[in-house]
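Treat the numbers as computed from the prediction; the structure is a model and nothing was measured. Reckoned from all heavy atoms, side chains included, excluding hydrogens, waters and symmetry mates. Note that the numbering runs from 1 along the sequence shown for the chain.
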Amino acid sequence: MPKKRSGGGLSPTQQAAKFLGVSVLAGAVTAGIALPAAGALGLVAKGSVQSFDEIPANLKSPQLSQRTTILDNRGNQIASVYSRDRTVVDLKDISPYIQKAIVAIEDSRFYQHGAIDLKGVLRALNKNAQSGGVAQGASTLTQQLVKNYFIEEAGDDPTKVAEATQQTIGRKIRELKYAIQIEDQLGKKKILENYLNITFFGEQAYGVEAASERYFSKHAKDLNLQESALLAGIVQSPSRYDPGNDEAEATKRRNTVLQRMAEVGDISQKEADQAKEEPLGLHPSQPKNGCITAVRGAGFFCDYVRDVVLTDPAFGRTKEARAKLWNQGGLTIRTTLDPQAQDSVQASVKNHVYQTDPVATAATIVEPGTGKILAMGQSRPYGFGKNETQINLSVNENMGGGAGYQPGSTFKPIVAAAAIEGGKPPTQQYSSPYEMPYPSPVQACDGKVWRNDPNNPAKLTNENKSERGPMGMKEATAKSVNTYYVQLISDIGICPVTQMAQKMGVARADGRKIDQAPSIALGTQEMSPLTMASAYATFASRGTYCTPVAIMSITQKTGSEEKTLPVPKTSCSRAMSQKTADTVSTLLKGVVEDGTGQEAGLGERPSAGKTGTTDQRYAAWFVGYTPNMAGAVWVGDPAHKRQMTGITIGGVPYDKVYGGQVPGPIWRDMMTGALAGKPAPDFHLIDIPDDNKGKGNGQGKGRGGANGGNTGVIGGLIGGLTNGGTADGGTTGATTGGPVPTPTFSLPGGFIQGQGNGGNNGTGNGGVWP
């Protein structure tokens, strides 16, 4: 007979029995209230009937978390991701063997009792009373299903999971009432189907379909007798009976299930004995969860899709709602990723920059006019090992990227666009010396003014001493002349440039505002490749900027039904006039044909682009486009520590790395493959006259006597025609050169300048060509 507790109270078993009697007498529940650990709870039943009545009776089956499948734009699978690896299947798609095995070992009277098995409860109470502890449980499959509902609803929150599994009378009462409700609403077959889809089978497998694939690499409908018995046996303790960890223990448990199936008449004893002799027959498949498993090197794009779902209000008003949608899964996400473009990006990246190199590269391709991200890749793969990373080097910090990288001269076309849109002609000339201090003062936004320090003025130089003016925008863009573009932004002001950048979606990768300083013209603000590719797509689409998008459609499976979810759409707006965009395209076409980006050219296919190299060579870029694709390539040290001088990249040694030298060929190769078989439309080009070397002053020198003046006239003409040529003058004397020449034919204004060298004595100033 059970002993009383210290202090004269009833033993746990007596408490459970008393509560059982109270429950029956009150008519609140049938006699199944004492469940697996009821005898060990040590909690009184006072108030339990009242609490039972107060429990809401509207339990709803939770949306089971399932795998989410991510597809490219042609319907090919990129990756399978899940909070819990589960694929919900109908009962007809589950082997009859596993259905019988689960019932036999977990609740053999499942089809004879209601939500609570009174006979089982009394048997468990008696057994537990005899043992003085918890030797046997009495939960029905329906009660276990309810418990799993609570666990599923708790998700991955450890606090909520603990609450859902805590051993208290209160939870058991709630579980019972919901079990009664479910039995009344669903019926036995649906309860069994739900149970088989929600139960945890170990090894990250939730539900019988995932378990079947995990342990046997087959569908649940194809499970044989011994395989079904093994899976059914795992449910009680997935860690203890894991066949991968302890084959002997798993075999023993499987045979227990087989024997029980024979005892309840599901199979004959002969069938059970024969099945016991069979090996476990494991043919496991490794869990394939997460973006790390993505094909085509699309792990970072996969991660970007995840971040879109978790951050875009289109998928839920709150962060919690969006996380719940992602974790529940069951989504089929069709993305914008183009497999041809993605393969081309990965091949080019791998060919030009090795995973083990001291620097890395990241590349992105977008579609002008739609904002669709067609490809995204980098040289350091998605992973946790050496020379691997989980940072998406192509995107902004808030979407899983880093703090960005200075784009260097690839920012100059944005300055050009702002100037042209504001009325500056592309023939605008500046002195563009090799070296100069930043002009000061310069107008900024909101009435503010930027000023250089008069005591220690900031200076800048061009890349090469041969790069000096005067020159116009066409030559300055082709040669990437720093002093020209600083003079240009100082002339038009900083605000038009930052406003144009905003219209083109250009923002710092770390979320900070762009600085109000003329140095931004040289690309001093950290950007991401996706930002720059999308900005240049504005030029390709003749002035229309479209926000980047990665998702085309999403469907969600709910039970046997599928519903379509709304997805964020690209937002397109006019950033500049068509003429401005076409003018910039004309300028950038010259960069590829005759300027710093010649190594990035696409042959006969029209293309345009711009190189970029930062101070100290921490980063090098090429950003370019055709009318139907725009792409950006960055090369550098993500940690911003390694300068690219005296360096070997992709097996090739470089004294200094330039934007047209490493990023340019990467861009060329990736775009060539991505565009293969695609139309090759041309740009709408603008006629921009070549920069005028003549300034209207032909300085000819006539050396000699009386003829010096005449020779000075000739020197002013011929010297100018030859841009600094020579013409011999007289031999004696020294007089001023002749008057302004008046030829009988006309030449463009400022065409003539040069020198005419005379004899040994005296000089004469040449005439001036109007």
Side-chain angles (χ1 to χ4, degrees), residues 63-73 75-88 152 154-158 161 200-207 209-215 217 238 244 284-312 315-316 319-320 322-337 339 342 345-346 355 362 373 375-395 397-402 550-551 554-557 565:
Q63 174 67 39
L64 300 185
S65 60
Q66 301 183 67
R67 296 177 187 173
T68 284
T69 303
I70 301 177
L71 310 174
D72 63 28
N73 65 5
N76 305 308
Q77 182 170 315
I78 298 173
S80 178
V81 298
Y82 46 80
S83 171
R84 292 178 177 175
D85 185 9
R86 176 188 284 118
T87 301
V88 176
E152 186 72 21
D156 296 323
D157 187 325
V161 171
F200 180 52
F201 287 86
E203 294 290 341
Q204 302 181 30
Y206 288 81
E209 177 70 9
S212 182
E213 292 177 359
R214 174 70 184 94
Y215 292 104
S217 299
S285 296
Q286 291 299 318
K288 295 183 178 180
N289 178 29
C291 292
I292 196 171
T293 66
V295 299
R296 290 192 159 96
F300 297 102
F301 177 80
C302 170
D303 229 19
Y304 182 82
V305 169
R306 172 184 176 274
D307 286 334
V308 169
V309 174
L310 293 178
T311 58
D312 198 299
F315 300 107
K319 179 181 178 181
E320 291 74 20
R322 296 189 291 270
K324 184 176 181 181
L325 173 66
W326 180 261
N327 290 332
Q328 284 179 345
L331 307 176
T332 299
I333 303 176
R334 189 155 188 154
T335 71
T336 59
L337 194 78
Q342 181 66 20
V345 165
Q346 285 301 117
Q355 179 180 343
I373 303 172
M376 183 181 288
Q378 60 193 53
S379 58
R380 293 183 181 172
Y382 190 104
F384 304 91
K386 187 178 180 181
N387 297 315
E388 296 179 340
T389 181
Q390 290 179 283
I391 298 175
N392 187 343
L393 303 177
S394 288
V395 302
E397 191 172 29
N398 66 335
M399 296 298 288
I551 299 173
I554 296 182
T555 58
Q556 183 179 32
K557 186 175 181 181
L565 301 182

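Heavy-atom minimum distance, Ser379 versus Pro381: O-CD, 3.4 Å. Across all their heavy atoms, Gln378 and Leu393 have their closest contact at OE1-N, 2.9 Å. The nearest pair of heavy atoms linking Ile292 to Phe384 is CD1-CE1, 3.7 Å. Scanning all heavy atoms of the two residues, the minimum distance from Ala205 to Phe200 falls at O-CD1, 3.3 Å. For the pair Ile391 and Phe300, the tightest heavy-atom approach, listed with the atom from each and the gap, is O-CE2, 3.4 Å. Residues Cys302 and Ile70 share a closest heavy-atom pair of SG-CD1, 3.6 Å.
Remark: Pro339 engages Asp72, Asn73, Arg74, Asn76, Arg296 in a side chain to side chain contact (heavy atoms under 4.5 Å, CB included) (not counting sequence neighbours). Taking the salt bridge (charged side-chain N to carboxylate O under 4.0 Å, His left out) definition, one finds that Asp303 meets it with nothing, sequence neighbours left out. Under the salt bridge (charged side-chain N to carboxylate O under 4.0 Å, His left out) criterion, Arg214 pairs with Glu203, not counting sequence neighbours. Listed by chain and residue number, nothing satisfies the side chain to side chain donor-acceptor pair (under 3.5 Å) test with Gln556 (two or more places apart in sequence, or in another chain). Ile554 pairs by the side chain to side chain contact (heavy atoms under 4.5 Å, CB included) definition with Phe315, Leu331, Ile333, Ile551, Leu565, Val567, not counting sequence neighbours. With sequence neighbours excluded, the residues forming a side chain to side chain contact (heavy atoms under 4.5 Å, CB included) with Arg380 are Ala360, Thr389, Pro638, listed by chain and number.
Arg306 contributes atom CZ, which lies 10.5 Å from atom CE of Met399 (distance to the nearest 0.5 angstrom). Atom OG1 of Thr332 and atom CD of Gln66 lie 9.5 Å apart (nearest 0.5 Å). Going from atom CG of Asp85 over to atom CZ of Arg67 covers 4.0 Å, rounded to the nearest 0.5 Å. The NZ atom of Lys557 sits 7.5 Å away from atom OG1 of Thr87, with the distance rounded to the nearest 0.5 Å.
Side-chain atoms of Arg322 and Asp312, non-hydrogen and from C-beta on, never get closer than 4.5 Å to each other. Inter-residue side-chain proximity for Phe301 and Val395 is flagged as unmet; no heavy-atom pair is nearer than 4.5 Å. With a 4.5 Å cut-off on side-chain heavy atoms, Glu388 and Tyr382 do not count as touching. In this structure, the side chains of Ile78 and Leu337 come closer than 4.5 Å at one or more pairs of heavy atoms. With a 4.5 Å cut-off on side-chain heavy atoms, Glu213 and Glu209 count as touching.
For the pair Thr293 (side chain) and Gly290 (backbone), a donor-acceptor distance under 3.5 Å is present. Checked by atom type and distance alone, the side chain of Ser394 never pairs as donor or acceptor with a backbone atom of Ala362 at under 3.5 Å.
Of the listed residues (Arg84, Glu152, Gln328), just one forms a side chain to side chain donor-acceptor pair (under 3.5 Å) with Ser65, and that residue is Glu152.
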Test side-chain contact (heavy atoms from CB on, under 4.5 Å) applied to Gln342 and Gln346, step by step: CA-CA 6 Å; Gln342 181 66 20; Gln346 285 301 117; 3.8 Å; yes

